[in-house]
Amino acid sequence: MSDRSTADLARVPPGPAAGSSSGSSGAGNPPVEPQVTARRLIAFFALVFGMFMAILDIQIVSSSLAEIQAGLSASPDEISWVQTSYLIAEVIMIPLSGFLARAMSTRVLFSISALGFTLASALCATATTLPEMITYRALQGFIGGGMIPTAFAAAYTIFPRRLQPAIMAVVGLTVTLAPTIGPTVGGYLTELMSWHWLFLINIVPGAAATLLAWTLVDFDEPDYALLKKLDYVALAAMAMFLGSLEYVLEEGAKDDWFQDATIRTLSVTAVVGGVLFFWRSFTAETPLVDLRVYRDRNFAVGSILTFIMGIGLYGMTYLYPVFLGRVRGYDSLQIGETVFVSGLFMFLTAPVVGILSRRVDPRYLIAMGFCGFALSCADLTWITRDWAFWELFVPQALRGCSLMLCMVPINVVSLATMPPPMLKNASGLFNLMRNLGGAFGLAFINTFLNERQDLHMLRLREHVVWGRQVAEERLSSMTQSFSGRLGSDAELAAIKQLANQVRSQGLVMSFIDLFWALSILFVAIVILVPLVKRPQLGAAAPAGH
């Protein structure tokens with residue numbers, strides 16, 4: 001190997017240990033780093049773009065559910081399945097993708113995923129009933145889930161270690177920007193055209209990503225013998241475990257948790273599936289998902305950090321539209337125009353973080369990112385029902401910068417030291433942890449908001465009962481304002497408006513409590529950062545433990 005020219009090395013596609021010490025046969029010879037070519041750059045950006053589409057489609061429907069509900073003649077309770085079905089299917093595919101990528105190669109898996117995602121998107125646009133939409137969205141989420149970890153793993157396979165912080169800035173921007181701008185993009189498409197374009201917009205880019213991946217990707221070779229060792233028991237157990245868990249987390253708060261028979265049943269299913277899955281993972285000769293990667297301390301701690309970051313990423317992406325919709329009464333387009341600030345500042349911060357990640361200890365950046373997250377939430381503890389774009393500008397800007405400060409260095413410290421043969425499997429688990437963090441975060445947020453709103457409304461009602469002079473004076477004033485238009489119904493209208501104000505104020509107060517809780521969480525997680533070892537970015541990754 002040491003006698004080959006640089007040109008020869010560039011022409012040889014790396015195997016499973018590309019860029020590792022296995023690439024050098026002579027004792028004492030330095031490891032051969034992957035060669036960056038225009039072909040590989042184009043192929044890599046095709047993978048990243050496919051990942052962007054898959055993540056974008058999680059949130060692109062969130063601001064347009066009312067329009068989709070009307071188009072499919074669905075009830076308000078049923079329409080949430082348009083999002084839930086996608087998430088359940090995707091969370092099953094993400095950890096499975098590591099095994100499939102090793103068996104089929106990056107080229108084949110990504111091409112199939114991109115093509116299937118594109119076709120499923122077209123089917124979603126043709127759906128005329130809710131069952132059709134749920135089926136097509138589940139198919140879209142399952143197939144699209146294969147693109148997300150594949151792009152992550154490729155970033156560490158085809159680029160030298162010294163370039164990985166800058167490359168991860170691109171990947172991190174994609175992962176954080178896609179769900180953040182999803183409601184904005186969805187709002188504009190629905191307002192300007194129709195909800196069908198939420199899915200039709202994927203067709204041309206999806207076809208292009210499929211063609212580029214099939215033509216240009218040559219990062220690794222398939223091992224089709226692995227397909228004969230596919231552990232179907234582990235696969236079924238994983239589907240039971242993750243699918244049931246995702247449903248419980250998504251629907252639990254709405255269904256009052258264990259008061260609902262379905263939630264109880266699926267909780268038991270998740271426990272049984274989880275026990276069976278972990279047993280098979282630790283005892284099978286060829287595990288479907290290799291959990292030994294958690295022996296690496298950086299990966300284990302990094303997974304916890306990305307789990308908490310998932311709460312901040314998906315939780316705050318959910319909270320801003322909830323506040324603007326339920327308190328301010330904004331429509332989907334107005335919400336999109338307000339929440340784009342975080343995405344803008346992510347875009348502006350990404351190149352800066354890419355440079356800093358090469359010059360500054362990534363642990364400092366992670367700590368700064370979580371502290372910035374906490375500060376952005378603390379700034380929102382002053383929120384009132386009158387807050388709009390400019391009052392929310394600074395917290396959103398700070399959140400956007402903090403997301404990039406967290407995402408890029410967490411990716412680097414977690415995966416940069418991972419042995420190349422384990423990268424694909426580790427990438428799937430790493431991305432799964434971020435998605436599960438988002439699911440747990442949304443479950444916590446919804447439950448917390450509901451309980452705190454009930455508590456605050458009970459307390460507020462004590463101040464608006466008959467006999468309270470201030471309340472009676474306010475009701476009298478509101479009745480007089482309605483009397484000219486509504487006549488004898490003026491007092492009833494005034495009572496309804498006062499009740500709505502109490503409900504709105506109770507919700508705002510519950511938001512304040514929630515932002516305090518999130519601030520404490522993001523500050524507390526900083527204590528784990530010193531447990532991370534600083535990766536040596538100047539050297540190639542080791543081939544094994």
Side-chain angles (χ1 to χ4, degrees), residues 13-23 89-113 116 142-143 145-154 156-157 217-245 269-300 302-303 414-415 417-433 435-436 541-545:
S20 71
S21 57
S22 63
E90 184 186 59
V91 83
I92 295 171
M93 180 57 168
I94 285 176
L96 177 62
S97 66
F99 181 91
L100 295 179
R102 283 180 285 134
M104 302 167 64
S105 79
T106 299
R107 171 176 173 260
V108 174
L109 175 62
F110 187 90
S111 298
I112 292 174
S113 298
F142 184 77
I143 298 176
M147 294 191 283
I148 299 172
T150 305
F152 257 84
Y156 292 98
T157 302
V217 171
D218 60 354
F219 309 151
D220 50 16
E221 296 296 330
D223 182 6
Y224 291 115
L226 276 177
L227 293 176
K228 298 179 181 178
K229 301 177 182 179
L230 179 64
D231 190 339
Y232 292 100
V233 174
L235 178 59
M238 185 177 71
M240 289 169 55
F241 170 46
L242 294 177
S244 299
L245 179 63
T269 304
V271 171
V272 173
V275 171
L276 182 57
F277 168 70
F278 285 112
W279 173 68
R280 292 295 297 178
S281 296
F282 287 117
T283 59
E285 181 181 349
T286 305
L288 183 70
V289 179
D290 192 350
L291 300 179
R292 291 175 299 173
V293 290
Y294 286 109
R295 294 175 182 173
D296 185 298
R297 189 171 76 186
N298 269 26
F299 182 77
S303 294
S414 302
L415 296 173
T417 58
M418 190 62 56
M422 303 180 75
L423 259 176
K424 294 173 183 177
N425 179 73
S427 176
L429 288 170
F430 187 76
N431 282 277
L432 174 66
M433 290 300 291
N435 280 26
L436 287 180
H545 286 300

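Sequential numbering from 1 along the given sequence is applied to the chain's residues.
Here the side chains of F277 and L242 are not in contact, with every heavy-atom distance at 4.5 Å or above. Here the side chains of M240 and T269 are in contact, with some heavy-atom distance below 4.5 Å. By the 4.5 Å heavy-atom criterion applied to side chains, E90 and I148 are counted as neighbours. N298 is not listed as a side-chain neighbour of S414, based on a closest heavy-atom distance of 4.5 Å or more. The shortest distance between side-chain heavy atoms of D231 and T286 does not fall below 4.5 Å.
Once rounded to the nearest 0.5 Å, the distance linking CZ of R292 with CZ of F282 reads 10.0 Å. Between atom CG of residue L96 and atom CG of residue L230 there is a gap of 7.5 Å, rounded to the nearest 0.5 Å. To the nearest 0.5 Å, the span separating CE on M93 from CG on L100 amounts to 5.0 Å. For the atom pair CG of L415 and CZ of F299, the computed distance is 6.0 Å after rounding to the nearest 0.5 Å. Separating the OH atom in Y224 from the OG atom in S105 is a distance of 5.5 Å, to the nearest 0.5 Å. Between atom CD1 of residue I92 and atom CG of residue L432 there is a gap of 10.5 Å, rounded to the nearest 0.5 Å.
Between R102 and P287, the shortest heavy-atom contact is NH2-O, 4.5 Å. The two residues M422 and V293 come nearest to each other via the heavy atoms CE-CG1, 3.2 Å. The shortest non-hydrogen separation linking P149 to N431 is CA-ND2, 3.8 Å. Taking all atoms of both residues into account, the shortest heavy-atom contact from F99 to L288 is CB-O, 3.5 Å. Closest heavy-atom contact between S427 and F152: OG-CB, 3.0 Å. Counting all heavy atoms, side chain and backbone alike, V289 lies closest to P95 at CG2-O, 3.8 Å.
S97 places a side-chain N or O within donor-acceptor distance of the main-chain N or O of I94, the cut-off being under 3.5 Å. Remark: side-chain polar atoms of S113 are paired, donor with acceptor, to backbone N or O of L109 under 3.5 angstrom.
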